[in-house]
Amino acid sequence: MDLHEDCAPLAFLLGTWRGRGHGEYPTIDSFEYLEEVTFGHVGKPFLAYAQKTRHAETGQPLHAESGYVRAIGDERIEFVLSQPSGIVELHSGRVVGTRLDLTLHAVHTTPAAKSVTDVARSIEVTDNTLSYTVAMAAVGEPLTHHLRATLERELDTQ
Ligand code: HEM
C-alpha cells in the first residue's frame, strides 16, 4: 500500500524499533528498560504508533502506550497518545528533517490516575537509530527529565 502523500515527511519513522532506555524521576528509583516501538501506516494521512517496555533486569512489563501521528499537511503534525496509566497527551508540531518538533497541546488524566500537568517529548532519527527523551511535570514536581532511550530499526520490516 502506498504511503499517503501527507505522510511522506514521516517515512523515516516507519518500521519496528528495539532498544534500551534509562528512566528516572525525583520521586522514584532509577531503572533500565527494554523497549519495542512500531510505526505503521494504512495509506491514510497518519502513522499508527505502538510502544511497550519491560524492565531490563527482571523482564517485568512496565509502561506501554499507543496512538497516532497525524499528518495535516505542510510537514505539520499532531500526535495523539494514550497510556494504560490513565494519561492522554495531545501534541502539535512539525517534522524538521528527521526530527519531530513537538509542543504539548493538552495532557489529561483520569480521576484515579497520578497527576501529570506537562509533558515534553523529543524524537529524532539518525541513520537507523531513533532516540527520544520524555520530561514531565507530575505528582507535584516541575517539568523534569523522566526517560531517555536509543532504539535501532529492525531492517527486515521496512
Ligand atoms: C518508556 C516509557 C516509560 C517507562 C518505562 C516508565 C516507567 C516508570 C516506572 C518504572 C515508574 C515507577 C514505578 C511506577 O510508579 O510505576 C514510573 C513512574 C511514573 N511515570 Fe513513567 N514510564 C514511562 C513513561 C511515562 C510517561 C510517558 C509518563 C507521562 C506522560 C509517565 C508518568 C509517570 C508517572 C506520573 C509516574 C509516577 C511517579 C511517582 O509516583 O512518583 N511515565 N514510570
Side-chain angles (χ1 to χ4, degrees), residues 7 10 12-41 46-72 76-96 98-155 157-158:
C7 285
L10 292 165
F12 68 93
L13 288 171
L14 287 170
T16 298
W17 304 80
R18 289 201 177 83
R20 192 180 175 99
H22 174 84
E24 59 190 271
Y25 206 65
T27 55
I28 61 173
D29 291 337
S30 299
F31 56 93
E32 300 286 324
Y33 61 95
L34 304 177
E35 177 165 10
E36 181 182 309
V37 163
T38 60
F39 286 98
H41 80 97
F46 62 83
L47 301 188
Y49 163 76
Q51 180 255 31
K52 61 183 179 182
T53 62
R54 57 198 163 91
H55 196 280
E57 280 85 46
T58 65
Q60 168 203 0
L62 291 177
H63 179 97
E65 60 190 27
S66 62
Y68 300 94
V69 184
R70 291 161 36 77
I72 56 173
R76 288 177 303 138
I77 53 170
E78 294 178 340
F79 196 11
V80 181
L81 271 169
S82 74
Q83 303 165 27
S85 43
I87 302 164
V88 294
E89 294 171 42
L90 304 174
H91 298 261
S92 62
R94 17 188 3 105
V95 186
V96 181
T98 54
R99 177 170 65 84
L100 303 188
D101 188 358
L102 297 171
T103 302
L104 186 76
H105 172 68
V107 55
H108 291 290
T109 52
T110 56
K114 293 200 169 169
S115 78
V116 178
T117 54
D118 196 5
V119 185
R121 293 184 181 245
S122 73
I123 302 173
E124 183 165 27
V125 171
T126 308
D127 298 324
N128 281 311
T129 301
L130 182 154
S131 48
Y132 73 83
T133 60
V134 177
M136 63 180 179
V139 295
E141 300 290 325
L143 188 65
T144 304
H145 176 73
H146 185 32
L147 309 160
R148 179 183 309 284
T150 305
L151 315 178
E152 302 296 323
R153 196 196 313 258
E154 210 174 69
L155 290 172
T157 62
Q158 279 185 79

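In listed order, ligands and their atoms are each counted from 1. Heavy-atom basis, side chains included; hydrogens, waters and symmetry copies ignored.
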Exercise. Tell me whether the centres of the aromatic rings in Y68 and F79 are closer together than 6.0 Å.
Key: no
Quiz item: Has Q51 got any heavy atom lying under 4.0 angstrom from an atom of ligand 1?
Solution: yes
Quiz item: Going by the atom numbers of ligand 1, which of them fall below 4.0 Å from some non-hydrogen atom of T53?
Solution: 1 (C), 5 (C)
Quiz item: Roughly how far apart are L147 CG and Y132 OH, rounded to 0.5 Å?
Solution: 5.0 Å
Quiz prompt | side chain to side chain donor-acceptor pair (under 3.5 Å) partner of E35, chosen from K52, Q51, H63 | solution = Q51
Quiz prompt | Residue and atom name of the nearest protein heavy atom (relative to atom 40 (O) of ligand 1), distance in Å to one decimal | solution = K114 NZ, 2.6 Å
Quiz prompt | Residue part near ligand 1, for R121, under 4.0 Å between non-hydrogen atoms | solution = side chain
Practice problem: Could you list which atoms of ligand 1 come closer than 4.0 Å to a heavy atom of T27? | Solution: 38 (C), 39 (C), 41 (O)
Exercise. Please confirm whether the backbone N or O of P142 pairs with a side-chain atom of T144, one donor and one acceptor, at under 3.5 Å?
Key: yes
Quiz item: What atoms of ligand 1 come closer than 4.0 angstrom to any heavy atom of E89?
Solution: 27 (C), 30 (C)
Practice problem: Would you please say whether a donor-acceptor pair under 3.5 Å links the side chains of T129 and E152? | Solution: yes
Quiz item: Are any N, O or S atoms from H63 nearer to atom 21 (Fe) of ligand 1 than 2.8 Å?
Solution: no
Quiz item: Atoms of ligand 1 less than 4.0 Å from V116 heavy atoms?
Solution: 35 (C)
Self-check item: Residue portion contacting ligand 1 (non-hydrogen atoms closer than 4.0 Å) for Q83
Solution: side chain
Exercise. Determine, counting only non-hydrogen atoms of the protein, whether one lies under 4.0 angstrom from atom 10 (C) of ligand 1.
Key: yes
Quiz item: Is the closest protein non-hydrogen atom to atom 29 (C) of ligand 1 under 4.0 Å?
Solution: yes
Quiz item: Relative to the heavy atoms of A138, which atoms of ligand 1 are at a distance of less than 4.0 Å?
Solution: 35 (C)
Self-check item: Non-hydrogen atom of Y25 closer than 4.0 Å to ligand 1
Solution: no
Quiz item: Within the side chain of H41, is there an N or O that forms a donor-acceptor pair under 3.5 Å with the backbone of L47?
Solution: no
Self-check item: Proximal ligand 1 atoms for Y132, defined as those under 4.0 Å from one of its heavy atoms
Solution: 1 (C)
Quiz item: Does L147 approach ligand 1 within less than 4.0 angstrom via side chain, backbone, both or neither, non-hydrogen atoms only?
Solution: side chain
Practice problem: Please say which of L81, V80, I123, I77 ends up in a side chain to side chain contact (heavy atoms under 4.5 Å, CB included) with V69. | Solution: I77
Quiz item: Taking Y33 for the side chain and P61 for the main chain, is one N or O donor matched with an acceptor at less than 3.5 Å?
Solution: no
Quiz item: Y49 vs F39 aromatic rings, parallel, tilted or perpendicular, using cut-offs 30° and 60°?
Solution: tilted
Exercise. State the atoms of ligand 1, each with its element, that fall below the 4.0 Å cut-off from a heavy-atom position in V119.
Key: 30 (C)
Quiz prompt | Carboxylate-amine/guanidinium contact R121 E65, below 4.0 Å | solution = yes
